[in-house]
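Right, one structure below, let's go through it.
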Amino acid sequence: MKKEKKTVLHGFHLEKGANMASFGGYDMPLWYSTGVKAEHLAVIQGAGVFDTSHMAVVMVRGDGARELLQRCFTKDLERSVGRGKTPLIIGRCVYGIFLHPDGTVIDDAIVYQLGVKEYMVVVNAGMGPMVADHLLKAVEDDTRVEDLTDRVGKMDIQGIASARILKKIMRDPETLFEGMVYFSFKGGFGSFPTAVTETELLDGTRVLVSRTGYTGEFGFELFVEREQLESLWNQLLVAGEEYGVIPCGLAARDSLRAGAVLPLSHQDIGPWPFLANPWQFALCWNDDQNGFTKDFIGADALLEETDLQYTYAFAGFDPRKISSEASYVTDSGKNKIGTILTCTTDMAIGRQNGQIVSIAENTGDERGKSFTPKGLSCGFVLLEKKCETGEEIYLTDGKRKLKVEIRSDVRPGRTARLPIRTMV
Amino acid sequence: MKELNELNLPEDLRYTEDHEWATTGGETLKIGVSDYAQDQLGDIVFVEVPEVGDSFDKGDEFGTLESVKAVSELYLPVGGEIVAVNEALEDSPELINEDPYANWIVEIKPADTGELEQLLTVEAYREILKG
């Protein structure tokens with residue numbers, strides 16, 4: 001049996017009594033002794049830190065780097081930034097997918113433009129070699145593709161207090177946060193500087209700070225050299241104490257991202273064409289929605305696909321859920337119409353008068369300070385038929401049957417896109 | 001995750017390989033899940049229990065525990081009729097995480113008290129947890 005890899009924070013996880021599990025070839029924490037509910041709520045009401053150094057980093061450098069990514073990635077780098085669809089520039093990053101020629105998913109990724117001819121591609125745990133191989137097969141010049149996973153230390157701080165916590169350990173936080181929009185970054189790390197900005201901790205550690213994340217909440221992903229990660233992690237925990245920051249595991253990541261309608265690669269996007277799903281922003285559709293603005297590997301298969309499978313987000317009416325093993329979806333007539341991809345509980349939401357409300361919105365008088373939700377089940381289904389938002393479907397394992405509702409959105413009041421001036 | 005020596009495993013209960021416990025000695029038995037089970041499941045968000053008056057055989061599924069990530073079936077250690085369910089768990093399922101022994105799940109009137117003798121002693125249960 002292949003030995004599982006450990007991140008540099010593995011000792012910390014064990015010391016904190018984390019419930020560990022195998023994920024992407026790594027032994028990772030599911031939750032710590034605080035429990036997954038406290039971790040989920042910490043991110044929404046304060047902040048949480050996540051060990052994400054199991055994720056893979058592939059560097060693409062050279063004259064043909066941009067063209068190579070254009071051939072291999074679903075996002076058009078010339079029309080990818082902001083509402084105006086302007087080109088990707090140094091200091092900005094974009095989310096997209098790497099597809100097989102048949103339109104099925106290799107992995108999703110965030111591509112960062114570090115320099116004029118230098119891009120950092122962040123993909124999921126264990127996917128570095130596959131994505132590097134995919135890129136190398138498409139190389140037409142001397143563009144270099146290098147899997148740097150084992151050299152990079154990565155962690156995330158997510159939640160409304162993230163900037164205030166980060167501010168306490170940064171050398172020049174005002175400059176860092178100035179004009180820092182969603183999906184932008186500053187700084188570089190170790191021997192991977194970016195062309196225009198320098199960002200350092202008070203102790204001189206060089207760090208790449210990216211205003212992105214996987215929870216739907218305001219926050220940052222932080223990249224340092226592998227050897228510097230433990231120090232950064234500890235600094236954030238100390239600085240964040242007054243804001244209730246706690247370490248969070250994969251279970252909270254999962255419940256938060258499902259509530260934020262974000263896909264988990266190899267679970268919610270996988271070996272079926274990446275086409276009829278809530279993540280159309282990852283594809284470079286033209287204005288008429290009948291073709292793409294560029295050619296890329298997998299594009300033809302998507303455009304020719306006629307046997308559609310539909311991925312939808314859903315939310316339940318209480319916290320009850322169905323184990324995703326051996327379970328399936330039916331319509332009201334008990335006809336089997338698909339499978340469950342993810343089924344978890346978002347602990348921060350409940351229903352009031354038929355509407356989903358979140359503790360994130362629980363600041364005004366309207367909902368009262370007493371709103372303490374029990375949580376709602378949520379996740380994704382893959383269906384053989386098209387459904388409308390609001391349509392009720394049933395999750396079942398053959399014995400138990402739960403009614404859930406197709407949703408375009410699940411947890412309201414998410415903070416990821418709030419202006420940074422309101423968060424520092 | 002709790003180490004074996006950190007688990008609270010009361011001596012006066014009997015256990016199953018599926019991590020349920022049962023009281024002994026009375027005309028009725030209380031049934032719950034062990035400290036190991038609640039620790040493995042994590043935060044419990046919903047407990048599904050049967051109706052009072054339902055009858056089950058030993059080993060039958062009588063309910064489910066749902067944590068944020070997982071759904072876990074509950075199996076009856078001893079056959080019998082449900083005479084009470086712990087209604088506090090409906091509003092506060094997290095009580096099982098706080099104290100899995102004070103917070104029993106169902107109370108049964110056993111059909112055959114002999115079945116109790118087949119359950120694991122705390123020593124035998126501890127051996128199973130050692131793996």
Side-chain angles (χ1 to χ4, degrees), chain A residues 13-21 27 29-41 248-256 258-259 316-327 340 342-350 372-379 395-397 399-400 402, chain B residues 1-8 18-19 33-51 54 56-57 59-76 85-100 103 105 129 131:
Chain A
H13 304 323
L14 295 185
E15 198 182 306
K16 294 291 172 188
N19 192 319
M20 305 293 284
D27 190 34
L30 282 179
W31 57 77
Y32 299 85
S33 54
T34 43
V36 57
K37 183 177 179 180
E39 294 166 25
H40 184 110
L41 298 182
C248 302
L250 292 176
R253 174 210 62 176
D254 219 33
S255 51
L256 285 159
F317 295 88
D318 57 38
R320 279 184 300 167
K321 64 181 127 350
I322 291 280
S323 166
S324 55
E325 294 148 24
S327 56
I340 302 168
T342 284
C343 191
T344 182
T345 310
D346 187 328
M347 300 304 304
I349 54 175
T372 48
K374 288 183 180 178
L376 295 175
S377 62
C378 63
L395 312 184
T396 181
D397 56 10
K399 293 178 289 187
R400 308 168 73 230
L402 300 180
Chain B
M1 198 161 54
K2 288 184 178 180
E3 298 290 336
L4 189 56
N5 60 11
E6 295 171 320
L7 291 172
N8 176 17
D18 298 314
H19 313 293
V33 295
S34 74
D35 195 24
Y36 175 83
Q38 72 77 24
D39 186 53
Q40 289 286 313
L41 276 169
D43 287 338
I44 293 165
V45 298
F46 192 84
V47 184
E48 187 175 51
V49 292
E51 302 279 340
D54 287 354
F56 297 93
D57 290 332
D60 278 358
E61 187 182 322
F62 71 96
T64 51
L65 289 186
E66 297 180 25
S67 66
V68 173
K69 282 283 281 183
V71 180
S72 181
E73 282 80 23
L74 294 163
Y75 301 100
L76 207 62
V85 298
N86 185 352
E87 288 172 1
L89 298 177
E90 190 182 334
D91 283 329
S92 305
E94 67 279 7
L95 289 171
I96 290 180
N97 294 115
E98 288 168 21
D99 185 340
N103 295 293
I105 297 169
L129 294 180

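Residue numbers start from 1 in every chain, and the chains themselves are labelled A, B, ... in the order their sequence lines are given, proteins ahead of strands. These numbers were taken from a predicted model, which means no experiment stands behind them.
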Identify the heavy atoms of B:E90 and A:K374 that sit nearest to each other, and give their distance. O-NZ, 3.7 Å
Heavy-atom nearest pair, A:P319 first then B:E66, reads O-OE1, 3.6 Å
Check whether A:K321 reaches the backbone of B:S67 with its side chain - one donor and one acceptor, N or O, closer than 3.5 Å. yes
In sequence, state the C-alpha distance, the side-chain angles, and the governing distance for A:R400 and B:E61, and then conclude on salt bridge (Lys or Arg N to Asp or Glu O under 4.0 Å). CA-CA 12 Å; A:R400 308 168 73 230; B:E61 187 182 322; 5.9 Å; no
Region of B:N97 that comes under 4.5 Å of a non-hydrogen atom in chain A: neither
Portion of A:A18 that has a non-hydrogen atom of chain B nearer than 4.5 angstrom: backbone
For residues A:T345 and B:V45, report the shortest heavy-atom separation together with the two atoms involved. OG1-CG2, 4.0 Å
Interchain contact, B:I44 with chain A, by part (heavy-atom threshold 4.5 Å): neither
Could you tell me which non-hydrogen atom of A:N19 sits nearest to which non-hydrogen atom of B:D39, and how far apart they are? ND2-O, 3.5 Å
Bottom line for A:K399: the part with an atom under 4.5 Å from chain B's heavy atoms is side chain
Tell me, please, which residues at least two apart from B:E3 pass side chain to side chain contact (heavy atoms under 4.5 Å, CB included). B:N5, B:E6
Sort A:A252 into side chain, backbone, both or neither according to what part of it lies under 4.5 angstrom from a heavy atom of chain B. neither
Inspect the surroundings of NZ in B:K2 and state if more than 12 heavy atoms from other residues, nucleotides or ligands are less than 6.0 Å away. yes
Which atoms of A:S33 come close to chain B, meaning under 4.5 Å heavy atom to heavy atom: side chain ones, backbone ones, both, or neither? neither
With heavy-atom distances below 4.5 Å as the criterion, would you say the side chains of B:V71 and A:I322 are in contact? no
NZ of B:K69 to OG1 of A:T344: how many Å apart, nearest 0.5 Å? 6.0 Å
From B:D43 atom CG to A:E39 atom CD, the distance as rounded to the nearest 0.5 Å: 8.0 Å
Close side-chain approach of A:M20 and B:M1, heavy atoms under 4.5 Å: no
With B:Q40, which residues qualify under side chain to side chain donor-acceptor pair (under 3.5 Å), at least two apart? none
